[in-house]
Amino acid sequence: MSGTTKDTRPNILLIVADDMGFSDLQPYGGEIATPLLQGLADAGVRFSNFHASSLCAPTRAMLLSGVDNHQAGLGVMPPFHATNQYLQPGYEGPLNHSVVTIAEVLQAEGYRTYMAGKWHLGAIDGYRPEQRGFERVFSFLGGGVSHFDDARALSSREVPHTRYDEDGLDVSDSLPPDFYSSDAYADKLISYLSEDQGDAPFFAYLAFTAPHDPLQVPDDWLDRYSGRYDGGYDAVRGPRLQRMKSMGLIPSALSENPGSGLFPAWDELSEEEQAEQARRMEIYAAMIERLDLNVGRVVGLLKKQKRYENTLIIFLSDNGANPKEPHFYAPNSPEQIERDYDNSLENMGRKGSFVSIGGAWAEVANTPLSYFKTTTYEGGIQVPLIISGPAVAKRGIDTSQRLHVTDVFPTILDFAGCDRPVERAGIPLAPLYGRSWKPYLSGESDAPIRGPSDAVGFEMFECRAILKGDWKLIFAAPPYGRNDWQLFDLRNDPREMKNLAEEEPDKLRELQAEWDAYARAVGYIEAGSTRQMDRMSPDEFFRYPGLRRVAS
Ligand SMILES: [Ca+2]
């Protein structure tokens, strides 16, 4: 841009929630107070057919690069590599150098680039956010951590990347005593945007670690939802379903999802267990409201700076609600969690506690979808998406377009008016998987972004899926699947309850061929039976010995 021409390119604010369920937010039928996100939804458009990966890091890799996770370095989520996958191309662990990030492209095009929040795409030199296009960074580099200043790792294996990075410095040991993740990320982003007085547009990436476990909020918010969940699972699920129907988000004929049956029903729990379950959900709800409040603080600053009107805002959750208890994070055990944390009702949600919502609430949080995070059933991969901003002409709820998380990259580049480079240091980039939404969002074209013959593939932890037209093919491993291919008609059965694999053999074969083509195209490597983490220490694993160190 020349010095005399005003730069009118839009600012971009990309906001990610971590492990938030499909219907937790008000604009998706939730009872959790989220007025700011409701406001963004009212000012723009929300989608009900948007898919991401079933896990955090693979979604983030696709979000920032536009490339399938099996080609971007997150073919599997570290440290869960099978021995035959470790350090293989596309399975490197950090976001690899076959891709460029949105920040790298926009920084080269003169954008100011800021990040606050969870990275999860590499903690080693050459792979941290300030080395992938972000000019100012306050980032949690790993996958999850306690939300207070103790910065406690989820398990001993997670320690090597459980680190806060501020512009390249490890600041994990110097967090202020009143540190709380969502507040701190918004504070940092607000300070970067306040100092930014130039004419150049910005790209800001605000990646909350809420409501990822451990469920924690500042003390004065612990009782904000007190008593709200005493009625149990169905007392939340039913009203959510009704609100989703009345707003037109789901078909009015859809009956209540009975759930997987894997977890005890509310009336099978003792009074003590019910109190404990209700308390978990109270804290989870408070975390989400606090996230909403902090989105509001950032948006409030943009309004004050008169930059809101020229800011494209994209909000999404990285995957469905999380069913796992704290001992899921190997090598944790229930006994060790009990010994090392105080999870009493009085302490739950405070520093020194570690609880999750668990499977039964995760199913409620994903109403009306089935299953949850870690699976490629809809409850794992279908997530909320809200978009507002200049040139976004669409309004209301869009149930027609099938969108994928890799689409965000070309969409943002399209709005910013720049192209993706074809190579990096002389090496061609991995192919883009996503498609731009700009023609649709701006009202230039109502053409389907994906037509009935366009398939989209998914795989994580050997849970495989293909979406094509109204159909879904899924292969899920136990305990959530039966180790065989299931076929669902999502138009008539969005909850994936009636397996049509035997009734529709031709459709089954067609989608299986799509899966084979997808697996070949992205270089999928089926996991062998041994785990790399059983052969090396966590420190050695996360150093990724032999991985090329390339400066950005
Ligand atoms: Ca997540």
Side-chain angles (χ1 to χ4, degrees), residues 14-25 28 50-65 69 72-80 93-95 115-123 129 139-147 153-155 158 161-162 181-182 185 205-216 284 287-288 290-291 295 314-326 328-329 354-359 361-363 365-366 369 371-385 404-406 408 458-461 463 480:
L14 176 59
I15 309 171
V16 179
D18 198 350
D19 290 8
M20 195 185 68
F22 184 69
S23 58
D24 284 327
L25 297 177
Y28 282 81
F50 171 62
H51 291 85
S53 166
S54 57
L55 285 175
C56 311
T59 282
R60 287 151 207 275
M62 293 195 278
L63 174 71
L64 293 182
S65 75
N69 60 290
L74 276 296
V76 66
M77 190 158 100
F80 298 100
L95 186 71
M115 170 177 184
K118 169 165 154 179
W119 177 242
H120 210 186
L121 296 174
S139 176
F140 175 65
L141 296 177
V145 61
S146 65
H147 293 272
L154 299 177
S155 80
E158 295 284 325
H161 66 171
T162 300
S181 65
S182 298
Y185 297 142
Y205 178 38
L206 177 57
F208 291 103
T209 43
H212 196 294
D213 57 6
L215 304 179
Q216 292 173 326
Y284 175 79
M287 281 179 97
I288 291 175
R290 190 82 171 201
L291 180 156
V295 171
I314 301 177
F315 174 93
L316 59 118
S317 177
D318 67 338
N319 48 251
N322 169 35
K324 301 291 187 183
E325 300 289 340
F328 163 74
Y329 302 99
F354 187 178
V355 294
S356 316
I357 51 173
W361 279 126
E363 291 186 341
N366 289 329
L369 310 172
Y371 294 97
F372 26 62
K373 177 182 178 181
T374 75
T375 80
T376 49
Y377 287 105
E378 292 296 291
I381 60 175
Q382 194 182 144
V383 289
L385 170 69
H404 188 249
V405 67
T406 50
V408 172
F458 303 83
E459 186 278 329
M460 191 48 52
F461 291 167
C463 198
Y480 309 127

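All ligand and atom numbering here is 1-based and tracks the order in the structure.
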Query - All side-chain contact (heavy atoms from CB on, under 4.5 Å) counterparts of A116, not counting sequence neighbours - result: Y185, K188, L189, L206
Report task. Could you pull out the closest heavy-atom pair between T376 and C463, with the gap in Å? Result -> OG1-SG, 3.0 Å
**Report entry** 3.0 Å cut-off (strict), protein N, O or S atoms about the Ca ion (ligand 1)
**Finding:** 6
Query - Any residue meeting side-chain contact (heavy atoms from CB on, under 4.5 Å) with A362, in chain and number order, not counting sequence neighbours - result: A321, P323, I357, F372
Query raised in the report: Would Y329 and D213 count as a side-chain hydrogen bond (donor to acceptor under 3.5 Å, both in side chains) if you check the C-alpha gap in whole Å, the side-chain angles of each, and the deciding distance to 0.1 Å?
Result: CA-CA 11 Å; Y329 302 99; D213 57 6; 2.7 Å; yes
Requested in this report: Can you sort out the partners of N366 under side chain to side chain donor-acceptor pair (under 3.5 Å), two or more places apart, ordered by chain and number?
Outcome: none
Report summary line: Closest non-hydrogen contact found for M77 with M460 is N-SD, 3.9 Å
